[in-house]
Amino acid sequence: MYDVKGNLHQVLADLPQGVRLVAISKYHPNEYIEAAYEEGQRIFGESHEQELRQKVETLPKDIQWHFIGHLQTNKVKYIAPYITMIEAVDSLKLLKEIDKQAAKNERVIDVLLELHIAEEETKYGLTSEACRQLLADGAWRELRHVRICGLMMMASYVDDEAQIRSEFRIAKDLFDEVKSKYFVDEPSFCERSWGMSHDYKIAVEEGSTMVRIGTTIFGPRIY
Ligand SMILES: *Cc1c(COP(=O)(O)O)cnc(C)c1O
């Protein structure tokens with residue numbers, strides 16, 4: 001098997017204090033997750049509801065699962081009982097559904113708002129303007145069972161380090177802006193989830209608090 005333990009320790013050695021690792025285990029088997037778990041890793045990220053459900057049923061109960069993929073509203077009910085954080089919220093509709101399902105489970109679910117800053121075409125993520133509008137609109141304030149803990153984004157998948165860096169800076173500036181406008185009295189609004197296998201070193205230099213790393217730890221995914 002891939003040297004999961006060795007790779008995990010190398011990644012952890014690269015992370016400054018205050019930056020947490022979400023080990024992205026999608027498409028990887030349980031034995032890989034168990035290897036990382038044995039080394040003390042507790043936060044794992046998955047992007048498909050069914051795959052996550054199977055893993056949750058068979059893996060240790062103290063794993064903190066982050067949902068990092070695009071989440072359809074009709075799938076929220078399945079993960080609401082146990083999910084630790086939903087990282088990629090990009091609409092008020094989804095936020096409301098999470099709130100509803102969290103209420104049914106008598107809990108509060110932590111979420112991040114997903115930004116779309118990269119140049120690549122994707123239908124997911126809020127533009128900076130859409131993020132500002134969602135927060136200015138204020139409907140989110142009525143939602144008692146979701147807690148917005150920060151922002152998440154993916155930089156463009158390019159080799160140009162300057163471009164990646166500038167996208168992280170745009171995200172950090174937006175974080176600072178909305179923090180001061182809406183969350184100044186909320187210490188829980190503190191997460192900046194950026195940085196993946198190919199760009200996490202740049203991301204931590206640009207203020208990431210949470211990196212999402214799969215390939216560097218677990219090897220290439222077999223789809
Ligand atoms: C798959 C995925 C990652 C991890 O990507 P790697 O390049 O394997 O590190 C991080 N974030 C999101 C949203 C993902 O879908």
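FYI, side chains are in, hydrogens and waters are out, and symmetry mates aren't considered; it's all heavy atoms of this structure. Each residue takes its place number in the sequence, starting with 1. Atoms within a ligand are numbered from 1 in the order they appear, just like the ligands themselves.
Under the rule for a side chain to side chain donor-acceptor pair (under 3.5 Å), Lys96 has no partner lying at least two apart in sequence or in another chain.
Taking 4.0 Å as the cut-off between side-chain N and carboxylate O, Arg165 and Glu206 count as a salt-bridged pair. Under 4.0 Å is where a charged nitrogen must lie from a carboxylate oxygen, and between Glu46 and Lys55 at least one such pair does. Residues Arg144 and Asp99 are not paired through a salt bridge, judged by the lack of any N-O separation under 4.0 Å between the basic side chain and the carboxylate.
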**Request:** Report the C-alpha distance between Asp14 and Tyr200 in whole Å, list the side-chain angles of each, state the deciding distance to 0.1 Å, and finish with yes or no for side-chain hydrogen bond (donor to acceptor under 3.5 Å, both in side chains).
**Result:** CA-CA 9 Å; Asp14 286 334; Tyr200 73 88; 2.7 Å; yes
**Prompt:** Given Glu49 and Arg53, is the salt bridge (charged side-chain N to carboxylate O under 4.0 Å, His left out) satisfied, shown in steps?
**Reply:** CA-CA 6 Å; Glu49 183 277 320; Arg53 195 187 325 177; 2.9 Å; yes
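For ligand 1, residues of the protein lying within 4.0 angstrom by heavy-atom distance are Ile24, Lys26, Ile68, Met152, Met154, Met196, Ser197, Arg212, Ile213, Gly214, Thr215, Arg221.
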